[in-house]
Trainee: 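The structure that follows is given in the form of C-alpha cells.
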Number of protein chains: 2
Amino acid sequence: MHMFYSMNGTLADQLQNHLANYGPPMMNSQRDGGEDPRMYMNGSSASVSTSNGSSSMGNDQKFPSYKRMAQRRKVPEGELCAVCSDLATGYHYGVASCNGCKTFFRRTIVSEQTFICQYNGNCDVNKNIRCACRHCRFNKCLLVGMDAKALQLPAIQNDRDRIGPTKKVKMSSGSDDEQATTPHRLQDQEIIDQLTQVEGLCQELRRCIIPEVTGVTHALTSPCLLFETTDLKVDTNIMFKELYPASMNDIRMWNIREMRICIEWAKTFDIYQRLNLFDQFALVRNFAFAFNLLNRVFYSPDHGPDKIVFQNGAFIMRQPQQQVQLSGCRPIYTRQMDEIMIPFRKLQLSVSEFATFKAALFFNPDALDLSAPAKTEVFEERNKYLGGLFTCITQKIGIPSGVQKYGSLLMMTASIQNILAQNEENMQVMELFKNWEVDPFVKELCMKRA
Amino acid sequence: MHMFYSMNGTLADQLQNHLANYGPPMMNSQRDGGEDPRMYMNGSSASVSTSNGSSSMGNDQKFPSYKRMAQRRKVPEGELCAVCSDLATGYHYGVASCNGCKTFFRRTIVSEQTFICQYNGNCDVNKNIRCACRHCRFNKCLLVGMDAKALQLPAIQNDRDRIGPTKKVKMSSGSDDEQATTPHRLQDQEIIDQLTQVEGLCQELRRCIIPEVTGVTHALTSPCLLFETTDLKVDTNIMFKELYPASMNDIRMWNIREMRICIEWAKTFDIYQRLNLFDQFALVRNFAFAFNLLNRVFYSPDHGPDKIVFQNGAFIMRQPQQQVQLSGCRPIYTRQMDEIMIPFRKLQLSVSEFATFKAALFFNPDALDLSAPAKTEVFEERNKYLGGLFTCITQKIGIPSGVQKYGSLLMMTASIQNILAQNEENMQVMELFKNWEVDPFVKELCMKRA
DNA sequence: ATGGGTTGGTCAAAGGTCGC
DNA sequence: AGCGACCTTTGACCAACCCA
C-alpha cells in the first residue's frame with residue numbers, strides 16, 4: 001500500500017542502509033533553524049513508518065519512546081509549551097506542551113490534514129497567534145519533536161488498548177472507512193526528502209566509473225547502482241580541470257552517462273520496479289533524454305546565459321560551433337539555453353524542487369506505448385509528485401508566488417517536449433545519413449519504436 | 001450601437017458596452033462619523049461598563065470571567081439574549097446572547113467601527129428592532145457585560161491554509177477593494193469573469209458568417225468582431241443537422257474558421273493590443289493551432305472516446321479514414337483524442353477553467369520570434385492567468401485536489417506541443433508534395449518562419 | 001487498589017462563511 | 001452593505017488507561 005513502508009527492499013530501506021553504512025549524502029535541506037537535538041529528518045522519517053506496524057507486532061518494546069522520555073515525574077511547575085510558550089499541562093507526544101497544541105497535533109494527524117503557509121513557512125508560533133497559521137504551527141510541533149507514533153491510531157485493529165468513547169457509544173456500524181495511513185502532510189515531506197536524497201546519490205554516481213551494460217534491458221534488470229556508489233571507482237577523467245569547448249565526443253560521452261544514470265534513478269522508485277519490463281521501457285524511453293537535458297542545464301555551472309558547461313569543464317556555446325555541428329541537423333542548444341537553462345535560473349529552483357519536478361515528469365501517463373493499466377497507476381503516481389512539488393515550492397515562497405512558480409515550471413514541459421522532438425529528428429537524420437554513429441544504448445533509449 | 005476598436009477602449013469598456021449589465025462597483029463606502037471619541041476597548045468600557053458595575057470587573061485581571069461564568073453547562077433552556085431578548089444560543093463573550101448579537105459584537109470590535117446614535121443614545125434594543133441603531137446595540141452589548149478580552153486576536157485564518165472550501169464558494173463580483181481580506185482573490189475573479197464572458201462571445205461568433213480578410217495582418221488590424229456578433233448573420237450552413245463523417249473540406253473549413261476566431265479572441269486582451277504587430281504575429285502564430293485544437297476537443301459533443309465531433313455534426317473517427325488521410329501524413333487524431341480530449345473530460349474542466357487555461361497558454365514567453373521586451377511582459381501576463389486558473393480550480397475542489405488538477409492541466413502543454421509539432425510536420429509534407437492545398441491564411445498562421 | 005501521569009473524546013464557545 | 005443562520009476549529013475538561 002505504501003511504497004515507502006513495505007517490509008523489505010524498498011527505497012526507504014535501501015536509503016537507510018546506505019546512509020547507515022556510508023554516511024549521509026550531501027543534500028540541501030530546506031528545513032532551517034532547529035536546535036532540536038532529535039533529528040526527525042532521517043532517523044525518524046523511517047520511524048514514522050512504524051505507525052502502521054509497531055505496537056501490534058510482537059514488539060519487545062513495551063512502550064513507545066515518548067513514555068521513556070516523559071517518565072520522569074510531572075512537568076516542572078511553570079514549564080512552558082515547547083510549541084507556543086503557553087503554560088504546559090504535561091508531556092504530550094513526547095514534548096512539554098499545552099492542551100491546545102496537544103489537541104491540535106492529534107487532530108491534524110488523525111484527520112490527515114494538509115496545511116499550506118501563505119507566507120514563507122516561518123510564521124511565528126506563540127500563545128497569542130498560534131492559531132494564525134496552522135501549517136507553521138504543525139511544523140513547529142514536528143520540529144520540537146512531537147511524535148506521531150505516540151498516537152494510538154485506529155489502524156491497529158488490536159483495540160485491546162484503545163481508549164473507547166468516553167461518553168457515548170454510538171458506533172453506528174462496523175463500516176470501516178478509516179484510511180489507516182500516515183498523514184498526507186508527512187507523506188509529502190517524506191516524498192520530497194527521499195527524492196532529494198536520491199538526487200544526492202545521483203550526483204555521486206556522476207563522479208564514478210559506471211559499469212558497462214549490454215543494453216537497456218540489462219540495465220533495467222540489474223540492481224540499482226545508486227546504493228553502491230561507494231563501491232565504484234571515481235572517474236578521474238571527468239573531474240573538472242579547465243573550461244574547454246566540447247567536442248562531439250564529449251557530448252556523446254555525457255549522453256551515454258546520463259542515460260545510464262537515468263535508468264539507475266528510475267529504479268529507485270518502488271512503483272516503477274513493480275511495472276512490467278515493457279512499461280518500464282516505455283517510461284524510461286519517454287523520459288531519458290529529458291532527464292539528460294534537465295540535469296545538464298540544472299547542474300551546469302553558471303558561466304552566463306550562453307554556455308552550457310559539463311562537469312568536466314567541456315562547454316557548449318550558443319553559437320553553433322564546427323565541432324558540434326552536423327550536416328542536416330538543426331542546432332538545438334540555443335533553445336536548451338533560452339527555454340530551459342535561463343528559465344531554471346530565473347525560477348531559482350532548489351535541488352528538492354528540481355528533484356520532485358523530474359519525478360513528476362517521469363511518471364507521464366501519456367508516454368508512448370504505455371499499457372492501459374499502467375497509465376492509471378502512473379497518473380496517480382504523478383499526482384503524488386505534483387502535490388509534493390507544490391508543497392515544496394509553497395513552503396518557501398507562499399501560495400500566490402508559489403502558484404506561479406509551480407505553473408511556470410510545469411509549463412516548461414512544452415518547451416522540453418519541443419526540444420525532445422527536435423532532438424529525435426536530428427537523431428533520425430544522423431541515422432539516415434550515417435554522418436555520426438549514435439551509441440546503440442542511447443539510440444535504444446531515445447528513438448521511438450526502437 | 002456599433003463599436004469600433006479605439007485606442008483607449010479597454011476590454012472592460014467594451015464588455016460593458018456589449019453586455020450593458022455590468023454596473024461599476026460602488027466606491028463610496030465612507031466611514032460614517034469619525035468624531036466619536038469613544039475607543040472601543042478601554043475608553044468605552046470605562047465609560048459604559050463602570051456605570052453599571054458589571055460583574056466582570058472584579059476578576060478580569062487574570063483571565064476572562066466568561067470562562068468561569070459559563071463553565072457550567074449549557075445555557076438553560078429558553079434563556080434569552082441579554083442584549084436583545086431573542087433566544088440565546090449560548091454564553092458569548094461572557095453573556096448569554098443570541099447569534100446575531102454575538103456576531104455583531106465581534107464584527108464591531110474587529111473592524112474598529114464607531115457608531116453614532118441618531119437620537120439620544122437610549123434607543124430600545126430588542127429582537128425586532130435590534131438592527132435599528134447600531135450605536136445603542138453596541139452600547140447594550142457592553143452594558144450587559146460583553147467582554148472584548150474574550151476575543152481571540154488575531155483570528156484563526158481558515159482561508160489562509162484551508163485545505164478545501166467549507167461548502168461551495170460562490171463567485172461574488174464587483175465589490176470594493178477596501179476590505180482587502182484576500183485582494184488577489186478578487187482580482188483573480190475579475191480576470192476569470194472577463195475571460196469567461198469573452199469565451200461566450202467566441203461561441204456566438206462560431207455560429208456566424210465571418211467576414212473575409214486578405215491575410216493575418218489584415219485580421220490583426222481590423223476591429224474585433226467579438227463585440228459585433230449581433231451585427232453578423234448566422235451561418236445556417238454550420239448548424240447541426242446530423243452526424244456524418246468529416247471530409248477534408250470540413251476539416252479545412254473549421255481550421256480556417258477557428259484560426260479567424262483565434263485572432264478575434266487574441267484582440268480582446270488589452271495587453272495584446274499594446275504589443276507591436278511583429279510580436280502580435282509571433283504570439284498568435286505560436287498559439288493558433290493550439291487554440292483550434294483545444295476548442296475542437298473541448299466543445300466536441302461527447303460521442304464517446306473515439307469521435308471528435310464538430311458543431312455541424314461532422315465527425316472524425318479514431319481509425320484514420322480514407323477521407324481525411326493524406327499520403328505521407330501521419331494520423332494525428334488518435335493523439336488528439338487520447339492526450340487532449342479524454343484527459344479534458346476526465347479533468348471535468350469548466351468553461352471558466354478552460355478559458356483561463358487558454359489565456360495562460362497564449363501568453364507564452366517562449367513563443368518563437370518574440371522580441372525580448374515582449375517576453376517579460378508576456379511572462380507577467382501569463383502569471384496573471386496562472387494565478388486566476390489556480391483560484392478558479394481550487395474554488396471548487398479545494399487545494400489538494402486543485403493542485404493536482406492544475407498540475408495535470410498544465411502538463412498537458414507537453415502533449416499539445418507534441419501534437420503541434422506533428423501537425424506542422426504534416427503541413428510541410430503537404431506543402432512539399434502538393435497533395436493538398438493548405439489555405440494561405442492557415443498556412444500563414446501555422447507554419448513557422450512564414 | 002491508588003495516584004499521578006498519559007491517552008483520546010467531548011462540546012461550549014471561539015472565528016469564518018455566504019445567502020439574503 | 002450589513003446581518004445572522006450555519007459552519008469549522010479550538011482547547012479546557014473529563015474518562016479511560018497504564019505503570020509504579
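Each chain gets a letter, A, B and so on, in the order the sequences are listed, and its residues count up from 1. A quick note: this is a predicted structure, and the numbers were derived from the prediction, not measured.
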Trainee: Find the distance A/Lys127:NZ to D/dG11:P and express it as a whole number of Å.
Mentor: 9 Å
Trainee: What pairs with A/Arg137 under salt bridge (Lys or Arg N to Asp or Glu O under 4.0 Å), at least two apart in sequence or on another chain?
Mentor: none
Trainee: Quick one: which of D/dG4, C/dA13, D/dT9 gets closest to the side chain of B/His92?
Mentor: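 Closest of the options to the side chain of B/His92: C/dA13.
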Trainee: Looking at residues 77-85 of chain B, who's got a heavy atom less than 4.0 Å off DNA chain C?
Mentor: none
Trainee: Round to a whole Å and report the spacing from CD1 of B/Ile109 to P of C/dG15.
Mentor: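 Rounded to the whole Å, the gap is 10 Å.
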Trainee: For B/Lys140, enumerate each residue passing the salt bridge (Lys or Arg N to Asp or Glu O under 4.0 Å) test, keeping only those at least two apart in sequence or located in another chain.
Mentor: none
Trainee: Is any N or O donor-acceptor pair between the side chain of B/Arg107 and the base of C/dG16 shorter than 3.5 Å?
Mentor: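 Not at all, since no donor on one side and acceptor on the other fall under 3.5 Å apart.
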Trainee: Do B/His135 and B/Ile116 have side-chain heavy atoms sitting under 4.5 Å apart?
Mentor: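 Heavy-atom side-chain distance check fails, nothing below 4.5 Å.
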Trainee: I need the CE-C1' distance between A/Met146 and C/dT7, as an integer number of Å.
Mentor: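 Rounded to whole Å, this separation is 13 Å.
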Trainee: Using 30° and 60° as the class limits, which term best fits the ring planes of B/Phe104 and B/Phe115: parallel, tilted or perpendicular?
Mentor: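 Geometry flag for B/Phe115 against B/Phe104: parallel rings.
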Trainee: From the set D/dA12, D/dT10, D/dC3, return the single nucleotide nearest to any side-chain atom of A/Arg137.
Mentor: D/dT10
Trainee: Rounded to whole angstrom units, what separation is found between the OH atom of B/Tyr93 and the C1' atom of D/dT10?
Mentor: 13 Å
Trainee: For B/Tyr91 and C/dC11, is the shortest distance between a side-chain N/O and OP1 or OP2 below 4.0 Å?
Mentor: no
Trainee: Whole Å only: how far is the NE2 atom of A/His135 from the P atom of D/dT9?
Mentor: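 Rounded to whole Å, this separation is 17 Å.
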Trainee: Is any side-chain heavy atom of A/Val403 closer than 4.5 Å to one of B/Tyr406?
Mentor: yes
Trainee: Taking the side chain as everything from C-beta on, heavy atoms only, tell me whether B/Glu353 gets closer than 4.5 Å to B/Cys392.
Mentor: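 B/Glu353 vs B/Cys392: side chains touch.
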Trainee: Side-chain contact, heavy-atom cut-off 4.5 Å: A/Phe105 with A/Val83?
Mentor: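 Result no, sub-4.5 Å side-chain heavy-atom pair not found.
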Trainee: Rounded off to whole Å, could you give me the CZ-to-P distance for the B/Phe104 and D/dG2 pair?
Mentor: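 Rounding to the nearest Å, CZ of B/Phe104 and P of D/dG2 are 11 Å apart.
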Trainee: Specify the separation, in whole Å, of atom NZ of A/Lys102 and atom P of D/dA12.
Mentor: 10 Å
Trainee: Looking at C/dG16, does its base get a donor-acceptor pair with the side chain of B/Arg106 below 3.5 Å?
Mentor: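 When only heavy-atom distances are counted, B/Arg106 does reach the base of C/dG16 through a donor-acceptor pair under 3.5 Å.
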Trainee: Rounded to the nearest Å, what distance is computed from the CZ atom of residue A/Arg130 to the P atom of nucleotide D/dT9?
Mentor: 17 Å
